[in-house]
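Remarks on the structure that follows.
When a ligand or atom number is given, it counts from 1 through the structure's own listing order.
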Amino acid sequence: MDIEAIEQDLSERLSKKRFTHTLGVVEAARALARIYGVNEEDAHIAALLHDCGKELSLQDMQLLVQDIPCDDEMFANGALLHGLAGMVLAQSRYGVTKQDVLEAIRVHTTGKPNMSELDKIIFLADYIEKNRDFPGVDFIREAANKSLNEGVLAGYDMTIRHLLDKGLSIYVLTILGRNDILQHMRGGN
Ligand SMILES: [Fe+2]
Ligand SMILES: [Fe+2]
């Protein structure tokens, strides 16, 4: 499907709130891609589809990912699993074949070590899109304007703090991803 057809399909399948968020992520992702010299069309497609699996039931997500290796913690939690399920849907329903676009959809919630620039852009755009108004969002927006790594670090920090405050477990790749960003920032790249 081309971008227009994907957008039309999502407008019919997602709730109004999720679709509005999705369009906000597209706008933010394109802006970041422009600033940081990443392919804007890839950013557009990944942003458009990043939450395409989010509103499925946990059972439907699990069906989609049944042939893909996935740890128990992620498999049992739709908040974690919707990235992987969304990646499968992006491939099977929307015909996305570019590996780096699919990967950005897969990791947008958890992060991971060694994220590509496109991965970081989708991860960040999801936090800072214009409809977001949680406390601390402006700090992440400012960090994102300094560098992708500063922005992603601010995003990790906010998520980890939130999980701690709520007494929830922290997915291990999120911690490894944050450590990796810190290492890169200390290394000066
Ligand atoms: Fe998401
Ligand atoms: Fe999202």
Side-chain angles (χ1 to χ4, degrees), residues 3 6-7 9-33 38 42-62 64-65 68 70-71 73-94 96 100-112 115-116 118-138 140-141 143-144 148 151-152 154-163 166 168-171 173-174 177-178:
I3 284 179
I6 295 173
E7 192 175 315
D9 189 77
L10 289 172
S11 74
E12 290 161 16
R13 290 166 65 88
L14 296 179
S15 65
K16 195 171 179 320
K17 187 169 176 237
R18 178 75 37 203
F19 187 65
T20 302
H21 161 67
T22 293
L23 294 183
V25 175
V26 168
E27 192 181 317
R30 286 199 76 119
L32 289 170
V38 169
D42 287 352
H44 192 139
I45 295 171
L48 202 49
L49 289 169
H50 84 285
D51 272 346
C52 71
K54 175 108 179 177
E55 292 182 332
L56 299 174
S57 67
L58 179 61
Q59 224 179 3
D60 285 345
M61 288 184 206
Q62 289 171 337
L64 277 172
V65 307
I68 299 177
C70 170
D71 60 69
E73 188 179 358
M74 178 173 280
F75 195 73
N77 182 347
L80 294 175
L81 193 58
H82 79 271
L84 185 60
M87 180 199 83
V88 175
L89 215 51
Q91 238 172 341
S92 60
R93 180 174 178 88
Y94 299 101
V96 176
D100 45 358
V101 171
L102 293 170
E103 184 65 4
I105 296 168
R106 185 178 78 85
V107 303
H108 82 268
T109 312
T110 60
K112 66 165 189 179
M115 281 202 279
S116 70
L118 180 62
D119 296 338
K120 290 175 185 173
I121 281 172
I122 302 305
F123 179 91
L124 259 179
D126 197 18
Y127 283 103
I128 66 174
E129 61 96 355
K130 64 185 179 191
N131 303 293
R132 297 287 208 194
D133 64 353
F134 55 84
V137 66
D138 284 333
I140 305 180
R141 286 185 179 125
L148 284 178
V152 169
Y156 277 133
D157 286 354
M158 157 139 300
T159 292
I160 290 170
R161 252 183 231 119
H162 170 79
L163 293 169
K166 295 263 171 196
L168 296 169
S169 77
I170 302 166
Y171 190 62
L173 277 186
T174 300
R178 179 178 182 274

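- At the Fe ion (ligand 1), the vertex angle linking NE2 of His82 with NE2 of His108 is 90° (nearest 10 degrees).
- Look at His50 and the Fe ion (ligand 1): no N/O/S atom of the residue is under 2.8 Å from the metal.
- Side-chain atoms of Tyr94 and Asp9 form a donor-acceptor pair, as typed in the model, at a separation below 3.5 Å.
- Closest to the Fe ion (ligand 2) among the N, O or S atoms of Asp126 is OD1.
- Within a 6.0 Å radius of CD in Glu12, more than 12 heavy atoms belonging to other residues, nucleotides or ligands are found.
- Ring centroid separation for the pair His21 and His50 comes in under the 6.0 Å cut-off.
- Of all N/O/S atoms in Asp51, OD1 sits nearest the Fe ion (ligand 1).
- No side-chain heavy atom of Glu55 sits under 4.5 Å from any side-chain heavy atom of Arg13.
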